[in-house]
Amino acid sequence: METPSLWVMQQIFVTLILLIQSSVAVNRDNFKTCQQSGFCKRHRAMTPGQSSYEVLPETVNVQSTSVNLQLLNTVTNVKLTLELSGLERSTARIKINEVEPIKQRYEIPVGDVLVEEPKRQGLKKLEQTSQSLTLGIEKNKIVISFKPFRIDFYTEDEPVVSINAQGLLKFEHYRTKQEAQPEENVEEAKEGEEPKVGDENAEEKPAEEEQKKEEEEPDLWEETFKSFTDSKPHGPSSVGLDVSFPGFENVYGIPEHADDFALKTTKDTDPYRLFNLDVFEYELYNPMALYGAVPVMMAHNEKNTVGIFWHNAAETWIDIKSNVADKNFFSKVADFFKQDSDIPQTDTHWFSESGVIDVFIMLGPKPKDVFKQYAVLTGTTPVPPLFSIAYHQCRWNYNDQDDVKNVDANMDKFDIPFDVIWLDIEHTDGKRYFTWDGNKFSHSVDMINNVASKGRKMVTIVDPHLKKDDNYKVYADAKSKDLLVKNKDGNEYDGWCWPGSSAWPDFTDPEVRKWWESKFLLSEYEGSTNDLHTWNDMNEPSVFNGPEISFHRDVKHHNGWENRDVHNIYGHLVQQATADGLILRSDHKERPFVLTRSFFAGSQRNGAVWTGDNIGEWSHLKVSNPMLLSLNLVGITFAGADVGGFFKNPDPELLTRWWQAGAFQPFFRSHAHIDTKRREPYLLPDNNMKIVRNAIRARYTFLPYWYTVFYNTYKNGGPVMQPLWAEYPEDKLTFKMDDQFLIGPSLLVKPITEQGGTGTNVYFPGANDVWYDILTAEKYLGGKSVYVNAPLEKIPVFQRGGSIIPRKMRVRRSSGLMHDDPITLFVCLDRQGKASGDIYADDYHTFQYQKGKYLHRQFSFSNNKLINSNADKNGSFETKEWIERILILGVLKKPNAVAIKIGNQQQQLAFGYDPNTSLLAIKKPGSKLQEDFVITLL
Ligand SMILES: *[C@@H]1O[C@H](CO)[C@@H](O)[C@H](O)[C@H]1NC(C)=O
Ligand SMILES: *[C@@H]1O[C@H](CO)[C@@H](O)[C@H](O)[C@H]1NC(C)=O
């Protein structure tokens with residue numbers, strides 16, 4: 001047993017932290033600015049247009065799928081090696097490293113982020129001169145210029161991406177720390193002198209000068225931030241490069257930031273920062289780092305979409321400049337009178353603290369092409385178990401098993417469906433994860449079984465920090481097996497987190513991940529069942545007394561890598577090991593569900609992400625849309641924001657609007673801080689409760705559609721929650737739009753995010769399209785904005801004309817109870833009287849779908865015929881689901897009769913027709929989902 005005094009100290013410490021946390025908003029002082037980061041300053045200080053790099057022509061070696069060459073830094077004489085390879089689907093990869101590093105540089109192992117070694121694609125050598133090399137890859141062209149070095153990518157002869165066009169390539173090679181050189185050596189090297197290759201003297205002296213100049217800079221060999229000193233045992237090691245997007249005015253992506261969807265220029269701010277941090281009460285609309293990092297950016301215009309994936313796990317900053325946005329109004333007017341037809345261009349500048357330059361260029365040309373190109377590299381979200389895309393009820397904390405029972409019973413009493421109830425850190429024995437508080441949760445298995453008896457699940461939190469207590473078996477086991485992250489001196493790293501003094505397993509080590517997986521076995525995690533799933537929090541990792549509330553950068557991981565090398569993938573690997581643990585637990589039968597706060601590129605494979613500790617204010621409801629759009633764009637499709645806001649006590653109106661928005665965002669969970677008032681939906685005033693109940697029930701009716709959308713993105717990549725331009729790439733009006741979005745291809749959503757809002761302007765895209773209000777069937781013509789009334793009970797959601805959406809209208813207590821329920825098809829005709837859509841179904845919870853046990857059906861309506869046919873012959877599944885009703889909007893005249901033909905059987909169907917809404921309702925076709933049919937309006 002630990003001594004009581006230590007225990008008391010820890011409680012006081014944790015209480016203090018809570019007090020500090022609940023009294024102030026974000027403490028910016030806890031987090032570095034660019035000025036406080038040595039490498040950020042060094043890269044930002046570079047002057048464009050003065051590249052010191054050139055290609056050594058004699059080193060250029062063109063092979064069937066790649067080009068290798070060396071770059072010479074004409075100032076330092078250090079040589080770099082560059083490999084450009086062609087990858088399948090119009091993608092290229094550029095890797096730049098030192099030729100002979102004195103120490104190996106970190107590269108993310110294949111499998112951690114990339115799903116596999118990317119497949120190569122032929123590069124065609126089109127032309128080689130003494131000045132440049134031109135290559136072809138599918139319909140694209142790549143030109144490597146030698147002096148100065150740059151690479152330009154062309155689609156249909158138009159430049160779309162340029163590398164080092166600004167000349168900002170900088171590669172801090174590993175070096176040994178040197179004492180200052182004698183003065184005379186330095187003076188001999190004249191400034192600007194061109195060093196000649198092979199000339200010993202010329203090679204040495206400017207290099208020494210450069211080195212000396214650098215030695216004089218602070219922060220190269222040691223860096224101090226607040227009371228923390230980063231010992232930087234290997235010295236400076238940063239890498240940076242500029243990427244320009246000629247012809248593009250808008251760039252997107254690089255989550256996670258609480259900012260607009262269309263990224264802003266960083267002329268007057270810090271660069272966008274990617275460094276996984278636990279930022280308390282984060283501020284909105286700025287480039288500060290948050291919990292997760294996906295170094296993927298897309299540029300989009302009417303003609304092309306391209307993407308960049310910066311495959312580096314270290315702290316990364318990105319500067320953005322635009323020749324359009326950075327012009328003020330008067331210079332734009334001046335340009336207009338000069339008839340200056342400047343093409344827009346966005347210039348970006350990426351730099352990371354360590355690692356190599358490894359950048360993927362995805363050449364589109366359309367949004368869906370880039371989505372697929374990126375999906376091939378880092379994978380997609382496997383089809384989530386159905387319960388996980390339904391509604392989740394969470395709070396810090398549901399206090400004990402009776403509290404859980406009561407919430408569960410109250411939701412039923414008020415007829416509010418839900419699928420999952422969550423337990424935060426207080427459910428444990430003193431924040432020892434994989435344990436239960438024996439007083440409050442004495443019968444955890446009974447508790448879970450009671451919840452599961454209604455088709456529901458539970459989630460418990462499992463954080464990566466382990467309480468340093470030799471009687472805590474998970475910690476003791478990790479310690480005895482030497483699985484914990486180390487200090488720079490090789491001793492176990494020690495930091496403060498919820499349990500007090502803590503240690504962290506080294507998730508970068510595959511053996512540690514295997515060990516962690518085993519902790520989820522029912523034999524190991526006592527008091528758990530297969531109906532219990534997992535939530536990973538604090539996995540940036542959050543360390544209360546660490547620099548920037550995280551690990552020291554010189555902390556040591558597997559194979560001697562420092563945290564500075566791997567920081568941004570730690571949280572991602574925690575979630576990966578957790579998901580694999582749940583899979584192991586069910587012997588690879590059941591799909592896992594794991595929510596994570598920290599993430600990286602590729603985290604989409606492991607489950608869901610949420611936007612962390614937001615605030616119960618209107619501004620945070622509003623920013624949830626652009627934040628989730630940014631995550632979705634870069635493949636993190638299963639994403640949500642805490643409904644209601646984590647901190648503070650929002651009023652019923654805000655809560656109501658938040659539940660309405662959440663009902664149409666991919667991950668739908670309400671959550672609240674321990675200090676907030678209870679706010680389960682049934683506690684709302686009666687009118688609000690009914691509205692919220694309707695919003696949650698609407699989510700349940702749309703589950704077959706959500707599930708189908710998730711399946712299609714699993715197959716093809718791309719977002720579930722989409723910017724309008726993903727479906728309407730040529731519509732410029734949509735390029736900066738982030739207060740409305742599409743779910744899949746067919747549902748347009750504009751959540752109300754203003755206090756007192758009673759209506760909103762909705763932009764209906766598609767000049768030839770029509771849209772239908774999902775509640776009133778009111779019709780809106782595309783290509784314009786229309787003011788739509790939205791009193792408190794109304795969520796502005798519209799179905800696209802030309803689409804067919806499957807829904808289940810008999811809402812039950814949980815999605816689990818609805819597996820076999822019948823389907824209603826909502827058919828909205830376009831202006832040509834046509835529509836199409838699909839439905840995907842399987843057993844909703846196992847991996848059998850990956851072995852062909854599924855059903856993917858295609859519906860299409862034209863010439864007064866609705867056809868249900870097989871969309872995918874690879875799948876077959878016997879489902880009890882059947883088609884109960886078909887509602888067709890846009891039928892201009894009442895048919896004389898409606899007939900269905902299944903096989904050789906034909907029969908007439910009952911129907912009703914409303915000329916006011918042009919709605920035809922076909923009753924009881926009664927066909928099984930897997931049966932081909934043709935329904936004809938006669
Ligand atoms: C069916 O499987 C084949 C072989 O794996 C594949 O090429 C094809 O694309 C699949 N069909 C569909 C619709 O996914
Ligand atoms: C159509 O609208 C008219 C006038 O508003 C109304 O009298 C009639 O009942 C409506 N018909 C149906 C089928 O709702």
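Counting starts at 1 for both ligands and their atoms, following the listed order. Just so it is clear, the values below take in all heavy atoms, side chains as well, and ignore hydrogens, waters and symmetry mates. What you see is a predicted model, and the numbers here were worked out from it, not measured in a lab.
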Under 3.5 Å donor-acceptor pairs involving side-chain atoms of residues 302-310, not counting sequence neighbours:
from : atom 1 : to   : atom 2 : distance (Å)
K303 : NZ     : E158 : OE2    : 2.6
T305 : OG1    : H300 : ND1    : 2.8
W310 : NE1    : S352 : OG     : 2.7

Of all residues at least two apart in sequence or in a different chain, which pass the side chain to side chain contact (heavy atoms under 4.5 Å, CB included) check with P382? Y849, Q850
What are the distances between nitrogen or oxygen atoms of ligand 1 and protein nitrogen or oxygen atoms, counting only those under 3.5 Å?
from     : atom 1 : to   : atom 2 : distance (Å)
ligand 1 : 2 (O)  : N874 : OD1    : 3.3
ligand 1 : 2 (O)  : N874 : ND2    : 2.2
ligand 1 : 11 (N) : N874 : ND2    : 2.9
ligand 1 : 14 (O) : K715 : NZ     : 3.0

Inspect the contact between E107 and K95 and indicate whether a charged nitrogen and a carboxylate oxygen are less than 4.0 angstrom apart. yes
So, applying ring pair (Phe, Tyr, Trp, His ring centres under 6.0 Å) with W610, which one of F667, W535, F599, F638 is it? W535
Show me the donor-acceptor pairs within less than 3.5 Å that the side chains of residues 928-938 make with the rest of the protein, sequence neighbours left out.
from : atom 1 : to   : atom 2 : distance (Å)
Q930 : NE2    : E878 : OE1    : 3.3
Q930 : NE2    : T879 : O      : 3.3
E931 : OE1    : K928 : N      : 3.1
D932 : OD1    : R857 : NH2    : 2.5

I need the single residue from Y772, F826, F764 that forms a ring pair (Phe, Tyr, Trp, His ring centres under 6.0 Å) with F798. Which is it? F764
